Amino acid sequence: MFVRGLKRKCFDGEEDIEGTLAGIKAIPSYNLQRQSLLDMSLVKLQLCHMLVEPNLCRSVLIANTVRQIQEEMTQDGTWQMINTQSPGQASLDRLVSTDILCRSSRDQAEGKHVPAYGTFSKDFESDQAQDSSETMSTASSVQAPRNLQSNVWEMETPQENKGNFQKSLDQIFETLENKSPNSVEDLFSEVDNSYYDLDTMLTGMMSNTKMGHCDSLETFSSPTNTASNSNCKSDLNDLDHIVEILVES
Amino acid sequence: ADIISTVEFNYTGDLLATGDKGGRVVIFQREQETKSRPLSWAEYNVYSTFQSHEPEFDYLKSLEIEEKINKIRWLPQQNAAHFLLSTNDKTIKLWKISERDKRAEGYNLKDEDGRLREPFRVTELRVPTLKPMDLMVEASPRRTFANAHTYHINSISVNSDYATYLSADDLRINLWHLEVTNRSFNIVDIKPANMEELTEVITAAEFHPHHCNVFVYSSSKGTIRLCDMRSSALCDQHSKFFEEPEDPSSRSFFSEIISSISDVKFSHNGRYMMTRDYLSVKVWDLNMENKPVETYQVHEYLRSKLCSLYENDCIFDKFECCWNGSDSTIMTGSYNNFFRTFERDTHRDTTLEASRESSKPRAILKPRKVCTTGKRKKDEITVDSLDFNKKILHTAWHPLENIIAVAATNNLYLFQEKVN
């Protein structure tokens, strides 16, 4: 279903993918599929932060899927490079903690998670000009993060009408194939650059200055810290503003 | 019209209740056949409409509480009025639906329009008389069972003692007495001490139709636990544990998600129970815990599409299932407004479509077929052209006759078996 009648090519590892790319779409390797599934799952978990309480069953099932992939990747050894840069095993557990990931919106700085999601979707759809412009215009026109999330997510559904699911999945595989698939940092660093643009456009405030890939994982693992940081920042800004007014008067 | 979120016949089948996303309940009543008006077809007309739940705001958590009606369950009729329980995510309400077709006239102290009469105008005493009036159906809330659930309520089930009922959310099951609203007993609690260790939630629960001490609850891991309330106050220890061992050859990252049970229903005779997971319906003998006695594939052709269905969240759709009155046939919904019936003895299955375009009123429904191989025959539908936004999650079967109610998004369809 994903291949659309193309010839299958047998290949051993990631290196061969670049070789066979020239004009032909190869079947994504198992690792790529697994990686994209992991990314998709993490995005889904991020979307828990809506005004209505998230569906716990759905969150638990997605978190279990993420855990399963991570376990397999740990056994494979592909998880190692990410693990070394995060503080120990604790972050791995907290990465899949349903409670933390799906905490209600009041715990989160609203601007923080929204741009992260926005960059994911922008990343996936960057190859499709019309899709990304649609997504971006929807993103920029909406104020509340909740509406943004539901709008952007709903934008994808009509695009995948009547069984054209493979389109977005192909986009994912294309995007992943175009980068060196093994380096997860590259994937996340791509997320970094676009994050700044999207963030300034959406919220007009930079809640997190730096979002390297390990930072993004730490964002997942310690949302309370960053939340309080950004809250502090905005509080400080407000305080400055108030002091300014008081001083001037 | 809003999206229908639950459908339920009452014990006689004369009333059919639907709940929707906007918190409304609409009750349909079957037209009574009279000598002057024989009916070859069952006809249901709107009997009562009322707003059961309103949207609320939880100020403590800064979260909205949806007014969507998750489940409606009728109580057996004990007097002229009808009672039903309706629930949203957090609050269960007992509603009384009663008819009024007479009113009293000739009061002494007040006028016909209800205003108090001047005392000096009362010159004689009279006895008020009852006069007929146009039938009025009133729905009034009699009990509100609130503040007992931290998580979202997914099931309610009336006990066979007709005095108690259970309500289940993602992690807990509570037992209520219909007369008592300020207290409920927690009978199942699967919340781990550390929420980070949460890997399994409760997805559905139901009381046994005859044994008032027995209930079952299903989980997101595809297991069913049968509990006996006589054994202990807290039924964390199950009496029976139903699980089918996983087929290792079909294992994938989605295995757990598609094994999650979305509905569990006892058969009317109380010997079997049926569970619905994403791709199949399973019938279990209550005496055999290690595997179901029957398995029916609802839409096996979706197995190769699981990744896409995961991406667009369809894999989390919660389909319900139901038995017919004699437990000989089971029914469940699918996508593209298709619903499926399975005859247990003949193993014959039928796929039908609930849509205005495909069926005129009173016309016989044409069986549909999804093309799973490369060559599409005439009238078949390919998997890729199925509309996954048109899903039939809620169906109900009349308890005595072969009349079925099928909810297709915001439309309710009623089908009847044509008997020549």
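Note on naming: letters A, B, ... go to the chains in the order of the sequence lines (proteins, then strands), and numbering restarts at 1 for each one. Please read these numbers as outputs of a predicted model, since none were measured by experiment.
Considering B:V216, B:I224, B:T223 as possible partners of B:T275, the one that fulfils the side chain to side chain contact (heavy atoms under 4.5 Å, CB included) test is B:I224. Of the residues B:R172, B:K71, B:H149, the one that meets the side-chain hydrogen bond (donor to acceptor under 3.5 Å, both in side chains) test with B:S167 is B:H149.
Neither the backbone nor the side chain of B:T382 comes within less than 4.5 Å of any heavy atom of chain A. Of the atoms belonging to B:S252, it is backbone heavy atoms, and not side-chain ones, that fall under 4.5 Å from chain A. Looking at B:K90, only its side chain comes within 4.5 Å of chain A, counting heavy atoms on both sides. For chain A, no part of B:E197 is nearby; none of its heavy atoms comes within less than 4.5 Å. Only the side chain of B:F316 comes within less than 4.5 Å of a heavy atom in chain A; its backbone stays farther off. For a residue to count as touching a neighbouring chain, one of its non-hydrogen atoms must lie under 4.5 Å from one of that chain's; by this rule B:Y335 does not touch chain A. At a 4.5 Å heavy-atom cutoff, B:I315 makes no contact with chain A through either its backbone or its side chain. For a residue to count as touching a neighbouring chain, one of its non-hydrogen atoms must lie under 4.5 Å from one of that chain's; by this rule B:T199 touches chain A with backbone and side chain alike.
With chain A as the partner, the residue from B:N194, B:D169, B:N154, B:D170 showing the most heavy-atom pairs under 4.5 Å is B:D170.
Side-chain contact between B:D313 and A:R58 is present, with heavy atoms from C-beta onward closer than 4.5 Å. The closest side-chain heavy-atom distance from B:S255 to B:E246 is below 4.5 Å. Residues B:I69 and B:T87 are not in side-chain contact: their nearest non-hydrogen atoms beyond the backbone lie 4.5 Å or more apart. Using a 4.5 Å heavy-atom threshold, the side chains of A:Q35 and A:Y30 count as separate.
Contact between B:C321 and B:R276 at its shortest, heavy atoms only, is SG-CB, 3.9 Å.
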